[in-house]
Amino acid sequence: MSDGLYWLMKTEPDTFSFDDLLSRPQQTEGWEGVRNYMARNFMRDQFKVGQLVFFYHSRIEEPAIVGVAQIVKEAYPDEAALDLKSPYFDAKSLAKGESRWCMVDVKAYGQFERPITLKELKSTAVKDLQNMALIKPGQRLSIQPVTKKEWDAVLKISLLKRI
DNA sequence: GCCAACGTTGGC
DNA sequence: GCCAACGTTGGC
């Protein structure tokens, strides 16, 4: 399906927003808390340094792609799973003595001149975006592959300003 | 805040 | 290893 070059990652901006990423040292942050096997497997098996990722805000009034991040560190164990105080604590990982989840580091790469809303992506769906996972009902996967065609189509909607 | 979709859990 | 119950996601 995917050419494995581009991705989309969802986040709730209340938890971690693109602005949060911009405020981090080196504008880089570890993407912890992924607790879904399919999403984990994408990260573990297919994420490579240098790949670009759409940064998508969900669970807000206007869900939207707001920017682009770049993978700067490939998958490593997400130790938050072993931390009782973490919201991402996972009893099964603790029982096993090692985290069954992994994370990657991402760095801010670019911000769109304006957010590209889900509504807009759906309305442009007549063309290259009609098969994009994001716009399909019931699609909840927090990490999704994006094809080059889809990537290029999204980049035409709003100007990506390099950071 | 509702609720449909769908992933995970656990009894059998 | 089936599948009902349960929990979470995320658009609306």
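Below, read A as the first sequence line, B as the second, and so on, with proteins coming before strands; counting in each chain starts at 1. Side chains included, hydrogens not; waters and symmetry mates left out as well; all remaining heavy atoms used.
As judged by a 4.0 angstrom heavy-atom cut-off over every strand, A:Arg40 is placed among residues making no nucleic acid contact.
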Worked check of ring pair (Phe, Tyr, Trp, His ring centres under 6.0 Å) between A:Phe54 and A:Trp151: CA-CA 9 Å; A:Phe54 283 138; A:Trp151 185 270; 3.9 Å; yes
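Shown for residues 31-39 of chain A: residues whose heavy atoms fall under 4.0 angstrom of DNA chain B, namely A:Asn36, A:Tyr37.
Contact check, A:Tyr56 against C:dG11: a side-chain N or O comes under 4.0 Å of OP1 or OP2. The shortest distance between the side-chain N/O atoms of A:Lys122 and the OP1/OP2 oxygens of C:dC12 is below 4.0 Å.
Between A:Trp7 and A:Phe55, a ring centre-to-centre spacing not shorter than 6.0 Å is recorded.
In this structure, CD1 of A:Ile60 is placed 15 Å from C1' of C:dT9, rounded to the nearest angstrom. Rounded to whole angstrom, the span from the CG atom of A:Asp14 across to the P atom of B:dG1 amounts to 14 Å. A:Gln139 places its CD atom 19 Å from the P atom of B:dA4, with the value rounded to the nearest Å. If you take CD of A:Gln144 and P of B:dC6, they are 12 Å apart, rounded to a whole angstrom. One can place CD of A:Glu61 at 12 Å from P of C:dC12, the figure rounded to the nearest angstrom. Rounded to whole angstrom, the span from the CG atom of A:Leu134 across to the P atom of C:dC12 amounts to 10 Å. Rounded to whole angstrom, the span from the CG atom of A:Asp90 across to the P atom of B:dT9 amounts to 8 Å. As rounded to whole Å, 15 Å separates atom P of B:dG7 from atom CD1 of A:Ile143.
A donor-acceptor pair is defined here as one N or O able to donate and one able to accept, closer than 3.5 Å; no such pair exists between the side chain of A:Gln130 and the backbone of A:Met132.
A salt bridge links A:Lys148 to A:Asp152: one of the charged nitrogens lies within less than 4.0 Å of a carboxylate oxygen. Under a 4.0 Å N-O distance rule, the pair A:Arg100/A:Asp78 does not qualify as a salt bridge. A salt bridge does not link A:Glu29 to A:Lys73: none of the charged side-chain nitrogens sits closer than 4.0 Å to a carboxylate oxygen.
For A:Pro63, taking side-chain heavy atoms from C-beta onward, the closest of the listed nucleotides B:dT9, B:dA5, C:dG11 is C:dG11. Looking at the side chain of A:Arg140, the nearest of the listed nucleotides C:dG11, B:dT9, B:dA5 is B:dA5.
A cation-pi arrangement is absent between A:Lys85 and A:Phe89 under the rule of less than 6.0 angstrom and at most 45 degrees off the ring axis.
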